[in-house]
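Quick caveat: nothing in here was measured; it's all calculated off a predicted structure.
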Amino acid sequence: MPNIKLPDGNIITFEKKVTGLKIADKISKSLSKQALVISVDGNLKDLNFEIENDCSVKIHTSKDKEGVETIRHDTAHVLAMAVQELFPGTQVTIGPVIENGFYYDFARNEPFTQKDLQKIEKKMKEIIERDEPTHREVWEREKAIEHFKKAGEIYKAEIIKSIPKGEEVSIYFHGKWHDLCRGPHLTSTGKVGKYFKLTKVAGAYWRGDSKNEMLQRIYGTAWPSQKELDEYLNRIEEAEKRDHRKLGKEMDLFHFREESPGSVFWHEKGWTLFQKLIEFMRIKQKHAGYKEINTPEILDRSIWEKSGHWEKFGQHMYTSTTPDEKIFAIKPMNCPGCVQIFNQGLKSYRDLPLKMSEFGKVHRYEPSGALHGLMRVRAFTQDDAHIFCTEDQITDESLSVTNLILEIYKDLGFSNVILKYSDRPEIRVGDDKVWDKSEAALLKAVKASKLEYSVNKGEGAFYGPKIEFVLRDAIGRDWQCGTLQVDLNLPERLGASFVDKDGSKKIPVMLHRALFGSLERFIGILIENYAGKLPFWINPLQVIVIPVSSEFDDYAKKIYNKISSIGLNCEVDLKNHNLNYKIREHSLSKVPILLICGKKEVDSHTVTIRQLDSTKQENMEVRKFLEIYSALNKAPSI
RNA sequence: GCCCUUGUAGCUCAGCUGGUAGAGCAAUUGAUUUGUAAUCAAUAGGUCCGCGGUUCGAAUCCGUGCGGGGGCACCA
């Protein structure tokens, strides 16, 4: 006589054991139609799972995350069914739900083509129409292993072997086709619906390990309705339109070429943007008490050996041999150089905290497959800084770094920031007592920031704990940008010390921090966040002056000179094109302000302003325009 | 690095099963002097990514190298 407690608190009593399907029936017809899975005391179960004891349940429909995920999981199964029907001999491996969809990894000698995907989709729809009923069986381990081995499903057999002893080995059937699976699943393939799409094929290592063989992964997306599917596909399309590689070309900011894969050729406009960001940072960092330095790009091998980079990071380092056979490395990080500046001359405790910033260009030999536009490059500029301080100063300094980062992000339009805190990894250097102290100090700063944070256990650097700053962009994507790391190792390795109050020599703590992380990457993020329509103050081409006809060229030039002289990035377009053409051209290249001058403007000594994405025109005295827009030509917080 | 895919004019792309290349935009020149998202015409523009092979003949087929894209691994 199970008593079933519903989410609204009501209790329904059944005479004998009961399934989720029956409970839904009892509640309402519409619920029983929409029901997909059920939570029984918080555990997700199939709708025909038999409930014998008292419990509380929640029946999930496509309106819940659980319901949608089950649809996706079942779609993955249907995908595997279709593939095995169409391509006998293909082995199945795993097929989990991911954000917005699912994938399934297959082992097959021939590659799947784009055409195959269409064929598979068609077959999937057939299977859904066949409405194969689902049922679940629990098998004995050895029997299951034998069964899958015999069926030529080597990977499945291996998965079963790795299921912890004591855990059930459940097999799901959809008609005759069956697969090892934890479940839960819909009651039949017909429940899946047809609102799915296979999106891409890709390679993926078996068990995610690059030492293993490569499988073929088919990605797909699935939704409860056509509308949601279309919306999702639209979102993808919109994101593609923002792609910084495409916009960077269209806006004439930068390009890449074969001679230096993963390194940026910055064009004038892109470089102006780059320099504007640096100028902005210089002001903010000066206020925050940083001293800017600069260290060599190329340093002798010996310092990299001392710092540990040669051993730990050598794989990613560019080296260079001189004609006289000396080996130098091109810096992959700025820290050793900075420590050498600290080491020059005697430092006192009175000098601490000493904050040295550097816009340092570093080179790292990244694997070719990792490169991606500005987001992942082989040569990039860090807005780096190293703070030398005492252990007691870690919390305050970390907090002031956090505040600086938040201010800077906010100025650039990102106010949604979360933190990731990582503590000691298994392989590390230094005494556990020192770790205790530095972790506590850093965590205190994290908490004091009052930001949302997550803890990544064991993911700190080998030399100390770290925080990563993650910002969310306009279309909801997260980007890891800033980082703050406590370093208890490098200062000692490179012989840094200061004279303490009592006259003794002590080793300082070093904080590594970067705000944007990489200027290149951050510019990529900015472009995508704003879809190329950069805020006025950071825009590398702010104003274009357009005469209505060549008769007004002189006036336009005069205006252009005035605007340039107050430090705005301005151009004048004297080309032999009509007004409509010029407006279209410059609007497409996303210039925020177009100034139109004709007879009217010359007579009244005004300009007519046309803002990007607005057809409204505003006529204004030249003097007033200069006043307003020179005030707008700086960061909001400055 | 690994799997798949891709490389034609400055850009975006067409070029079927092998017969040495074409469009639109941009550029140049000329005409036009224009009031808020494409004025007209003419001209010029190519080592079809590199190397090798098959073939009477290769942008096209094969091999290989390099680059791009989608993933995986990597992101110290």
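A donor-acceptor pair shorter than 3.5 Å can be found between the side chains of A:R217 and A:Y219.
Heavy atoms of A:T113 sit nowhere under 4.0 angstrom from any nucleic acid atom. Note on A:Y219: only backbone sugar-phosphate atoms sit closer than 4.0 angstrom, heavy atoms only; bases stay farther off. Within the 4.0 angstrom heavy-atom criterion, no nucleotide atom of any strand lies near A:Q114.
For B:G24, the paired nucleotide is B:C11, the pair qualifying as Watson-Crick or G-U wobble because both relevant distances are below 3.5 Å. Nucleotide B:G63 has B:C51 as its partner under the Watson-Crick or G-U criteria, with both atom distances under 3.5 Å. Nucleotide B:G35 has no partner under the Watson-Crick or G-U criteria, as no pair reaches both atom distances under 3.5 Å. Pair assignment for B:G1 gives B:C72, based on Watson-Crick or G-U wobble hydrogen-bonding distances that are each under 3.5 Å. Here B:A44 sits opposite no nucleotide as a Watson-Crick or G-U wobble pair (both hydrogen-bonding atom distances under 3.5 Å).
Residue-to-nucleotide contacts include no donor-acceptor pair under 3.5 Å from the side chain of A:Y365 to the base of B:G1. A:T615 contributes no side-chain N or O that forms a donor-acceptor pair with the base of B:U36 under 3.5 Å. In terms of polar N and O atoms assigned as donor or acceptor, the side chain of A:Q485 never comes within less than 3.5 Å of the base of B:A76 in a complementary pairing. Put simply, the side chain of A:Q216 and the base of B:G71 share no donor and acceptor less than 3.5 Å apart. Below the 3.5 angstrom threshold, one finds a donor paired with an acceptor across the side chain of A:R376 and the base of B:C74.
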(request) For A:K200 and A:Q114, run side chain to side chain donor-acceptor pair (under 3.5 Å): C-alpha distance rounded to whole Å, both residues' side-chain angles, the deciding distance at 0.1 Å, then the answer. (result) CA-CA 8 Å; A:K200 54 197 166 198; A:Q114 209 58 38; over 6 Å; no
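Taking the centre of each ring, A:F536 and A:Y629 come in below the 6.0 Å mark.
The side chain of A:H372 lies closest to B:G70, out of B:G70, B:A37, B:A27.
Between A:G262 and A:V377 the shortest heavy-atom distance is O-CB, 3.1 Å.
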